[in-house]
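Only this structure's heavy atoms are used, side chains among them; waters, hydrogens and symmetry mates stay out.
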Amino acid sequence: MKINFHKYQGTGNDFIMIDNRSGDYDAIDNQTVEFLCNRKFGVGADGLILLENSNNEAAFKMRYFNRDGKEATFCGNGGRCIVAFAAKLNIIKYDTFIEFQSIVGFHKAIINNSNVVSLKMKDVNEIIQMNDGFFIDTGSPHFVTLCDNIENINVLKEGKKLRNDLRFKKFGGTNVNFMKINKDNSLSIRTFERGVEDETLSCGTGSVASAIVAYKLKKNCSKFIINTLGGKISVRFNENLNGTINDIWLEGKAEFVFEGVFF
């Protein structure tokens with residue numbers, strides 16, 4: 001199968017983007033996705049995203065696949081990147097709020113001429129505190145644990161251990177975020193991503209989960225700068241009277257890398 005693709009990255013979290021509005025790539029299977037995402041034999045990416053027509057009134061539909069080839073729920077950085085891709089394809093306009101569809105629902109977003117994308121995330125109704133951290137669903141399941149020695153932690157080893165912990169079996173495992181709250185209220189995080197099965201340079205849903213946990217711990221800030229290995233992104237939100245975290249926005253650059261054809 002000849003595949004036309006574009007490569008995008010958001011703070012180092014990289015994705016293969018495919019325009020599937022024609023339906024030409026409906027037959028793409030998990031093995032093909034896994035092969036394309038392989039950094040040795042394929043294009044190389046943390047995930048693959050199909051941009052499709054929405055069967056509702058949304059601007060487009062997003063289908064997201066992890067690097068292991070399995071279709072997943074949602075990806076924050078992937079969501080930012082597909083908005084930038086849609087702008088490049090002239091599906092949406094710059095500086096105009098749009099709505100797109102994913103498996104978990106509908107998402108508002110806006111992109112400016114500097115390719116900074118602001119993406120509205122799903123509300124969070126529950127945060128489960130555990131003896132070693134917090135479990136939270138921000139579109140994907142995340143476990144957040146505090147880590148003062150974040151520069152030296154073995155994220156692959158410790159993340160894999162927690163990712164497969166029996167507590168998270170019913171969710172198919174979890175993503176794992178190691179978080180440090182800095183004196184200026186910024187956060188430093190490192191993330192082990194389920195489906196990638198490795199540390200990634202950045203994780204959007206993980207950044208949101210970490211920011212909400214930091215807010216619950218400190219209660220003096222509801223806007224955070226997130227320092228990831230791939231750069232800085234920001235998260236802001238509100239809390240309503242019943243404790244629901246809402247109006248959650250993930251913001252940062254989403255940048256085109258290259259395009260090509262895979263035979």
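For T244 and N246, the side-chain atoms include no donor-acceptor pair closer than 3.5 Å. Side chains of T200 and D46: no donor on one and acceptor on the other come within 3.5 Å.
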Quick one, E158 with T145, criterion side-chain contact (heavy atoms from CB on, under 4.5 Å). Give me CA distance, side-chain angles, the key distance, then yes/no. CA-CA 11 Å; E158 299 302 322; T145 184; over 6 Å; no

Assess the residue pair R167 and L162 against the criterion (side-chain contact (heavy atoms from CB on, under 4.5 Å)); give the C-alpha distance rounded to whole Å, side-chain angles, the decisive distance to 0.1 Å, and a yes or no. CA-CA 9 Å; R167 291 174 293 177; L162 287 164; 3.9 Å; yes

Can you list the steps and then say if F100 with F60 is a ring pair (Phe, Tyr, Trp, His ring centres under 6.0 Å)? CA-CA 5 Å; F100 69 91; F60 58 86; 5.0 Å; yes

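Separating the CZ atom in R21 from the CG atom in N53 is a distance of 7.0 Å, to the nearest 0.5 Å. Taking CG of D29 as the reference point, atom CZ of F35 lies at 12.0 Å (rounded to 0.5 Å). In this structure, I226 CD1 and S188 OG are separated by 9.0 Å, a value rounded to the nearest 0.5 Å. Put simply, OG on S186 and CD1 on I225 are 8.0 Å apart, with the number rounded to the nearest 0.5 Å. Atoms CD1 and CD1, on I245 and I136 in that order, are 7.5 Å from each other to the nearest 0.5 Å. Note that the CG atom of N177 and the CD1 atom of I189 stand 5.0 Å from one another [nearest 0.5 Å].
In plain terms, the two heavy atoms of N185 and K218 that are nearest each other are OD1-NZ, 3.4 Å. Residues A84 and I111 share a closest heavy-atom pair of CA-CD1, 3.7 Å. The nearest pair of heavy atoms linking C37 to G47 is SG-C, 3.7 Å. Residues Y94 and N112 share a closest heavy-atom pair of CD2-O, 3.2 Å. Residue V261 comes nearest to K2 through the heavy atom pair CG1-CG, 3.4 Å, listed as atom of the first residue, atom of the second, then distance. Residues M62 and G79 share a closest heavy-atom pair of CE-N, 3.7 Å.
By the 4.5 Å heavy-atom criterion applied to side chains, V43 and F258 are counted as neighbours. At least one side-chain heavy atom of R39 sits less than 4.5 Å from a side-chain heavy atom of R67. At least one side-chain heavy atom of K120 sits under 4.5 Å from a side-chain heavy atom of D247. A heavy-atom distance below 4.5 Å is found between the side chains of K108 and W249. Taking the side chain as every heavy atom from C-beta outward, Q101 and F106 approach each other to under 4.5 Å.
The number of heavy atoms from other shown groups lying within 6.0 Å of CD (E151) is above 12. The local environment of CG in D26 is crowded, with over 12 non-hydrogen atoms from other residues, nucleotides or ligands closer than 6.0 Å.
With hydrogens and angles disregarded, no donor-acceptor distance shorter than 3.5 Å links the side chain of N227 to the backbone of G231. At least one donor-acceptor pair closer than 3.5 Å links the side chain of T228 to the backbone N or O of G230. When atom types are taken as modelled, the side chain of N182 and the backbone of D184 share no donor-acceptor pair closer than 3.5 angstrom. Listed for the T205 side chain is no donor-acceptor partner under 3.5 Å among the backbone atoms of C75. For E34 (side chain) and T32 (main-chain N/O), no donor-acceptor pair under 3.5 Å exists by modelled atom type. Judged by distance alone, the side chain of N164 and the main-chain N or O of K160 form a donor-acceptor pair under 3.5 Å. Judged by distance alone, the side chain of T191 and the main-chain N or O of E193 form no donor-acceptor pair under 3.5 Å. Within the 3.5 Å criterion, the main-chain N or O of K253 finds a donor-acceptor partner in the side chain of R80. Formation of a donor-acceptor pair under 3.5 Å by the K7 side chain with backbone atoms of G44 is found in this model. In this structure, N175 contributes its side chain and P141 its backbone to a donor-acceptor pair below 3.5 Å.
One hydrophobic cluster, built from ILVMFWY side chains closer than 4.5 Å, cannot hold both F143 and I181; they sit in different ones. By the rule that hydrophobic residues join a cluster once side-chain heavy atoms approach within less than 4.5 Å of another member, I127 and F224 end up as members of one cluster. One hydrophobic cluster, built from ILVMFWY side chains closer than 4.5 Å, holds both I212 and F134. In terms of hydrophobic clustering, with Ile, Leu, Val, Met, Phe, Trp and Tyr side chains grouped at heavy-atom distances under 4.5 Å, L51 and F74 are assigned to a common cluster. L119 and L187 fall within the same hydrophobic cluster, defined by Ile, Leu, Val, Met, Phe, Trp and Tyr side-chain heavy atoms under 4.5 Å apart, directly or through other members.
Taking the ring centroids of F262 and F5, they lie at or beyond the 6.0 Å cut-off. Between F15 and F85, the ring centre distance reaches or exceeds 6.0 Å.
The existence of a salt bridge linking E239 and K216 is confirmed by a sub-4.0 Å separation between a basic side-chain nitrogen and an acidic carboxylate oxygen.
A cation-pi arrangement is present between K88 and F256, with the terminal nitrogen or guanidinium carbon under 6.0 Å from the aromatic centre and inside a 45° cone about the axis.
The aromatic rings of Y215 and F237 sit perpendicular, their planes meeting at an angle over 60°, well past the 30° parallel limit.
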